[in-house]
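I have placed the structure first, in the form of structure tokens, so that the comments after it can refer back to it.
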Amino acid sequence: PPARLPARPPAHKLQLIVCTCPAARQLYLLLCAADYLLATKDTALLDRPVKRGSKHMTVGHGLRRALDFVTQTVGVGPHGLLRELTSDWDDGLAVRPDFSSDFNTSESVLTAALATHALARFAAAMRLVGDGKSAAVAEGVAERQRVAIRRSAFNGDWLRRAWFGNTTGWIGDRGVAAPHAPGPFSAQHGWAMLGGVFDAADDVLNRSLYSLGQRCSSPFGIAYWCQGMADDASGADGVGGADGVGGADGVGGADGVGG
């Protein structure tokens with residue numbers, strides 16, 4: 001069962017397992033469906049029949065099953081953040097072999113941030129069709145993720161990327177705290193902004209944007225992983241992202257970090 005999948009599958013098994021049960025897949029489905037419903041008001045979509053293998057259901061039933069998967073199967077780890085399962089948006093992050101547990105308690109800050117936006121949108125779509133119960137479930141999860149991100153993922157300068165257990169600890173933290181993958185990752189910040197994580201915490205938002213701008217700016221926007229950055233890195237001395245290009249003033253990129 002997904003709750004017992006290895007948190008860090010061996011690299012030679014990557015092709016077989018890495019996409020077996022990513023925690024974020026259902027969230028993208030719910031977000032796409034919600035955006036369509038809210039834009040078109042085509043509520044008849046939910047009554048359309050679909051077939052999955054030998055099973056017949058409606059689109060609405062399938063979407064509610066996806067929500068149940070997020071709440072009941074993915075669940076949360078020790079910091080209240082959504083678990084990673086075999087991977088998240090970045091499959092390459094899931095192949096590290098240095099997680100000591102046989103049970104998947106690792107958490108993804110990126111998936112948690114995605115949930116704050118995707119589930120808020122899905123809640124709005126469910127209210128549109130009169131399903132207050134599903135709306136309340138979705139918004140409840142989204143709000144708990146906002147709180148967990150602010151409480152546990154923010155390190156004083158940026159949002160950490162993931163929790164890989166007591167042995168490895170945080171990924172995307174300062175160098176001493178995360179020796180395996182130091183430095184900020186950018187993608188989770190965009191989803192967090194879209195999902196309202198920073199709405200009641202301007203200081204957290206401003207500090208995160210400053211840190212990304214100082215450490216990750218490049219002529220192409222914001223680098224995904226600004227690895228190996230020193231704690232005193234600054235944009236003035238040309239420190240950049242994973243591609244080694246720095247010095248840009250703006251905070252930009254495709255993941256929602258604008259400027």
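When reading the values below, keep in mind they use all heavy atoms of this one structure, side chains included, and skip hydrogens, waters and symmetry mates.
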*Arg83 bridged to Asp88 by N-O distance under 4.0 Å*: no
*Looking only at non-hydrogen atoms, find the nearest pair between Gln145 and Ala115 and report the distance.*
CG-CB, 4.4 Å
*In chain order, what residues pass the salt bridge (charged side-chain N to carboxylate O under 4.0 Å, His left out) check against Arg160, with sequence neighbours excluded?*
Asp173
Report, one line per pair, each donor and acceptor closer than 3.5 Å where one atom sits in a side chain of residues 60-69; sequence neighbours left out.
unit_1, atom_1, unit_2, atom_2, d
Arg64, NE, Asp131, OD2, 2.7
Arg64, NH1, Gly60, O, 3.2
Arg64, NH2, Asp131, OD2, 3.2

*Mind checking what makes side-chain hydrogen bond (donor to acceptor under 3.5 Å, both in side chains) contact with Arg144, not counting sequence neighbours?*
none
*Compute the ring centroids of Trp163 and His79, then answer whether they are less than 6.0 Å apart.*
yes
*Output yes when Arg174 and Asp157 qualify as a salt bridge under the 4.0 Å nitrogen-oxygen rule, no when they do not.*
yes
_With clusters defined by side-chain heavy atoms of hydrophobic residues (ILVMFWY) lying less than 4.5 Å apart, directly or transitively, does Val204 cluster with Val147?_
no
_Tell me if a side-chain donor or acceptor on Arg146 pairs with a main-chain N or O of Gly195 at a distance below 3.5 Å._
yes
*Looking at residues at least two apart in the chain, or sitting in another chain, which of them share a side-chain hydrogen bond (donor to acceptor under 3.5 Å, both in side chains) with Asn206?*
none
*Exam field: side chain Thr111 to backbone Ala24, donor-acceptor pair closer than 3.5 Å*: no
*Out of curiosity, does Leu128 fall in the hydrophobic cluster containing Leu119 (side-chain heavy atoms, cut-off under 4.5 Å, transitive links)?*
no
*Partners passing salt bridge (charged side-chain N to carboxylate O under 4.0 Å, His left out) against Asp42 (at least two apart in sequence or in another chain)*: Arg48
*Please report the C-alpha distance between Trp158 and Tyr210 in whole Å, then the side-chain angles of each, then the deciding distance to 0.1 Å, and finally whether the ring-ring contact (aromatic ring centres under 6.0 Å, His included) criterion is met.*
CA-CA 9 Å; Trp158 61 79; Tyr210 176 79; over 10 Å; no
*What residue pairs, at least two apart or across chains, pass ring-ring contact (aromatic ring centres under 6.0 Å, His included) with a residue in residues 115-136?*
His117-Trp191
